[in-house]
Amino acid sequence: MGAFDEFLTEIRKTETMQALLKSLEEGSAGLLKSICQEYEATNKPVPDHHLNLTGYFGEAMLRVLLSANMITKELGDRVALYCYKPTGTGLNCYKGMLAEKKI
């Protein structure tokens, strides 16, 4: 193991890093919930301005959900830059977490 790997191992043990990762995980689940709820209510992709995205974490959570194939990104209309739509995988995860009362 190199010095950088040792560094990563040590910082991942810290309470601050664990809280940061937990926040990103829980925020991503909450964002998926928001997208799925609005999509199910309207049957339309969710405009970006309907989402509560703040700072770097907001963008990071969107990128996480996109990378995990939980949502897709589409060009927006005249009032939104982008719109987001849950995939089948995203909807299944959302429904499963909802049933488990995890979100």
query = Does V64 share a hydrophobic cluster with L20, counting links as ILVMFWY side-chain heavy atoms below 4.5 Å and allowing steps through other members?
reply = no
inquiry  = Show me the pairs that pass salt bridge (Lys or Arg N to Asp or Glu O under 4.0 Å) and involve residues 16-31, at least two apart or across chains.
reply    = K22-E26
key: Test item: Y94 and K33 side chains (from C-beta on) under 4.5 Å apart, heavy atoms   = yes
ask   = Do you know the tightest heavy-atom contact between C36 and L91?
value = SG-CD2, 3.8 Å
Partners passing salt bridge (Lys or Arg N to Asp or Glu O under 4.0 Å) against K95 (at least two apart in sequence or in another chain) = E40
inquiry  = For Y39 versus V46, what's the shortest heavy-atom pair and its separation?
reply    = N-CG2, 3.9 Å
note = So the side-chain hydrogen bond (donor to acceptor under 3.5 Å, both in side chains) pairs with at least one residue in residues 79-92 (sequence neighbours excluded) are none
message = Does any part of the side chain of M70, heavy atoms only, come nearer than 4.5 Å to the side chain of C93, both counted from C-beta?
response = yes
May I have the list of side-chain donor-acceptor pairs in residues 96-103 shorter than 3.5 Å, sequence neighbours left out?
none

note = Taken in chain and number order and not counting sequence neighbours, the residues that satisfy side chain to side chain contact (heavy atoms under 4.5 Å, CB included) with L31 are I35, L51, L53, M61, L62, L65
task = Report yes or no: does D48 contribute a side-chain atom to a donor-acceptor pair with the main-chain N or O of L81 at less than 3.5 Å?
result = yes
remark   = SG (C83) and CG (L75) are apart, to the nearest 0.5 Å, by 9.0 Å
task = Please list, chain by chain and in numerical order, all residues satisfying side chain to side chain contact (heavy atoms under 4.5 Å, CB included) with I11, sequence neighbours excluded.
result = F7, L8, M17
request  = List for me each residue that meets side-chain hydrogen bond (donor to acceptor under 3.5 Å, both in side chains) alongside H49, sequence neighbours excluded, and say none if there are none.
outcome  = none
remark   = By side chain to side chain contact (heavy atoms under 4.5 Å, CB included), Q18 pairs with (sequence neighbours left out) none
request  = Not counting sequence neighbours, which residues clear side-chain hydrogen bond (donor to acceptor under 3.5 Å, both in side chains) with K13? List them please.
outcome  = E10
task = Write out all pairs satisfying side-chain hydrogen bond (donor to acceptor under 3.5 Å, both in side chains) with one or both partners inside residues 50-76, taking only residues at least two apart or from two chains.
result = E38-H50
ask   = Does CD belonging to E15 count more than 12 external heavy atoms closer than 6.0 Å?
value = no
